[in-house]
There are 2 protein chains.
Amino acid sequence: MISKRLSKLRKEKNWSLQYTANQLGIAKSTYAGYESGYRQPSLEALKELAILFETSVDYLLGMTETYTGERDTLELTGKDILSQIGLTIDGKSLSQDELNQFIAFIRLKREMEANENKG
Amino acid sequence: MISKRLSKLRKEKNWSLQYTANQLGIAKSTYAGYESGYRQPSLEALKELAILFETSVDYLLGMTETYTGERDTLELTGKDILSQIGLTIDGKSLSQDELNQFIAFIRLKREMEANENKG
DNA sequence: AATATTCGTACGCGCTATGCGACTTAATGA
DNA sequence: TCATTAAGTCGCATAGCGCGTACGAATATT
């Protein structure tokens with residue numbers, strides 16, 4: 001069950017086994033074992049998988065059919081978001097300027113990916 | 001994390017280790033190992049635990065309800081930060097991949113600014 | 001065309017740690 | 001007092017996790 005869902009999720013993102021394994025910090029053969037059903041991930045690896053694929057552990061294990069779990073979410077484009085919650089990187093707080101640049105960066109990246117998928 | 005939650009759930013139901021193990025069809029020492037943190041359940045056992053305690057696997061693993069509203073700052077380089085709080089841009093959730101790129105981007109930007117100040 | 005790189009798949013090995021039964025200790029009741 | 005139940009710990013056998021490695025096929029690079 002978990003193997004099929006992992007395979008499905010990875011292919012949806014057009015990721016290779018090697019790239020996915022790199023993201024997780026594990027060997028390619030290890031991740032490949034998860035997808036083939038030859039291996040089962042440890043609990044720690046399982047959590048990492050859910051985070052990487054933006055889904056829930058319950059979904060990976062086939063406990064639920066719904067894609068995502070119900071985690072608290074924070075919309076970064078929200079007005080005055082930094083006054084609600086301070087965001088830091090390496091202990092140094094993020095400026096609104098930096099956040100705006102990031103949002104623009106992600107929007108551009110997503111747009112480019114969307115164009116790539118067109119062919 | 002999982003050990004604490006199991007212990008809490010079992011005590012809420014006033015179940016003994018033996019009774020709980022019987023419900024799961026495993027040895028008492030095995031289940032006791034889960035609660036003490038000495039052992040980790042297999043994925044199959046994990047699912048059974050979630051069913052028995054009428055909860056989710058994500059809760060047992062601490063993927064949900066770990067984010068407390070008390071926190072006023074969020075360190076983005078924190079491990080498994082996205083398991084604590086989902087970040088979205090334009091409603092679409094941010095992947096760990098994208099977050100890593102952002103962190104690298106900000107670090108580079110800060111480094112360049114530091115060099116500019118040198119002269 | 002020849003070579004190099006990337007992809008998915010599979011195998012063997014070392015070693016961790018899982019699951020079990022047996023044992024101990026403490027608390028409760030007949 | 002003895003029996004019963006609960007909780008906790010330990011040693012052992014072995015299942016299986018994670019890794020490196022290697023293969024054929026497909027794609028990219030020269």
Side-chain angles (χ1 to χ4, degrees), chain A residues 1-53 55-63 109 112-113 115-119, chain B residues 1-53 55-63 79-80 83 95-97 100-101:
Chain A
M1 170 54 87
I2 184 173
S3 61
K4 289 178 184 173
R5 299 218 158 161
L6 286 177
S7 186
K8 177 172 172 287
L9 287 166
R10 181 177 62 85
K11 282 165 186 167
E12 279 175 8
K13 291 181 181 291
N14 287 322
W15 290 352
S16 69
L17 291 174
Q18 185 69 66
Y19 175 80
T20 308
N22 287 346
Q23 293 296 302
L24 296 164
I26 62 177
K28 183 187 68 167
S29 60
T30 299
Y31 177 76
Y34 300 160
E35 280 200 13
S36 69
Y38 184 64
R39 296 270 181 257
Q40 285 199 324
S42 67
L43 297 194
E44 200 51 46
L46 191 66
K47 288 160 73 172
E48 297 292 335
L49 286 165
I51 293 166
L52 181 64
F53 287 123
T55 185
S56 67
V57 174
D58 287 85
Y59 177 77
L60 291 179
L61 295 181
M63 297 287 284
K109 176 173 168 294
M112 286 170 62
E113 285 173 354
N115 288 336
E116 279 179 11
N117 292 339
K118 281 182 185 171
Chain B
M1 170 56 84
I2 182 173
S3 61
K4 288 178 183 173
R5 299 216 159 163
L6 286 177
S7 186
K8 179 172 171 288
L9 287 165
R10 181 177 62 84
K11 282 165 185 167
E12 278 175 8
K13 291 181 182 292
N14 287 321
W15 290 350
S16 69
L17 291 175
Q18 185 69 66
Y19 175 80
T20 308
N22 288 345
Q23 294 294 306
L24 296 164
I26 62 177
K28 182 192 66 169
S29 62
T30 299
Y31 177 77
Y34 299 160
E35 281 201 15
S36 70
Y38 185 64
R39 298 267 183 259
Q40 285 200 325
S42 67
L43 297 194
E44 199 52 45
L46 192 65
K47 289 160 72 172
E48 296 294 330
L49 286 166
I51 292 169
L52 181 64
F53 287 121
T55 185
S56 68
V57 174
D58 287 84
Y59 176 77
L60 290 180
L61 295 182
M63 296 286 284
K79 195 168 190 304
D80 296 345
S83 69
S95 68
Q96 183 67 53
D97 200 28
N100 289 342
Q101 287 185 44

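Throughout, a chain's letter reflects where its sequence line sits, starting with A, and its residues are numbered from 1.
- Taking atom CD on A:Q40 and atom C1' on C:dA17, their separation rounds to 15 Å, with Å as the unit.
- For B:L17 and C:dC23, the CG to C1' distance is 16 Å, given to the nearest whole Å.
- One atom, CG of B:N22, and another, C1' of C:dC20, lie 14 Å apart when rounded to the nearest Å.
- At distances below 3.5 Å, not a single donor-acceptor pair connects side-chain atoms of A:R5 with backbone N or O atoms of A:L60.
- If you check every strand for non-hydrogen atoms under 4.0 Å, A:S36 touches nothing.
- Between B:S29 and B:Y19, the residue anchored closer to the 5' end of DNA chain D is B:Y19, taking for each the nucleotide with the nearest heavy atom.
- Within the nucleic acid shown, B:T30 comes within 4.0 Å of at least one base atom, counting heavy atoms only.
- Heavy-atom contacts from other residues, nucleotides or ligands closer than 6.0 Å to NZ of B:K13 number more than 12.
- Applying the 3.5 Å distance criterion, the base of D:dG8 shares a donor-acceptor pair with the side chain of B:K28.
- Among all heavy-atom pairs drawn from A:E35 and A:L6, the shortest one is OE2-O, 3.7 Å.
- Atom CZ in B:R10 sits about 7 Å away from atom P in D:dG8, given to the nearest Å.
- Separating the CD atom of B:E44 from the C1' atom of C:dG19 is a distance of 15 Å, rounded to the nearest angstrom.
- The residue B:S16 sits close only to the backbone: its heavy atoms come under 4.0 Å of sugar-phosphate atoms, none of a base.
- Note that CG of B:L46 and OH of B:Y34 are 9.0 Å apart. Values are rounded to the nearest 0.5 Å.
- At a cut-off of 3.5 angstrom, the base of D:dG18 holds at least one donor-acceptor pair with the side chain of A:R39.
- Comparing D:dA6, D:dC19, C:dC7 against the side chain of B:Q18 picks out D:dA6 as the nearest.
- No contact: A:Y31 has no heavy atom under 4.0 Å from any strand.
- The backbone N or O of A:T30 lies less than 3.5 Å from no partner atom in the side chain of A:R39, so there is not a single donor-acceptor pair.
- Between B:Y34 atom OH and D:dG8 atom C1' there is a gap of 16 Å when expressed in whole angstrom units.
- Comparing C:dC20, D:dT9, D:dG18 by their nearest atom to the side chain of A:S42 picks out D:dG18.
- When rounded to the nearest whole Å, the span between CG of A:L43 and C1' of C:dT16 equals 14 Å.
- In this structure, B:E35 places its CD atom 14 Å from P of D:dA6, rounding to the nearest Å.
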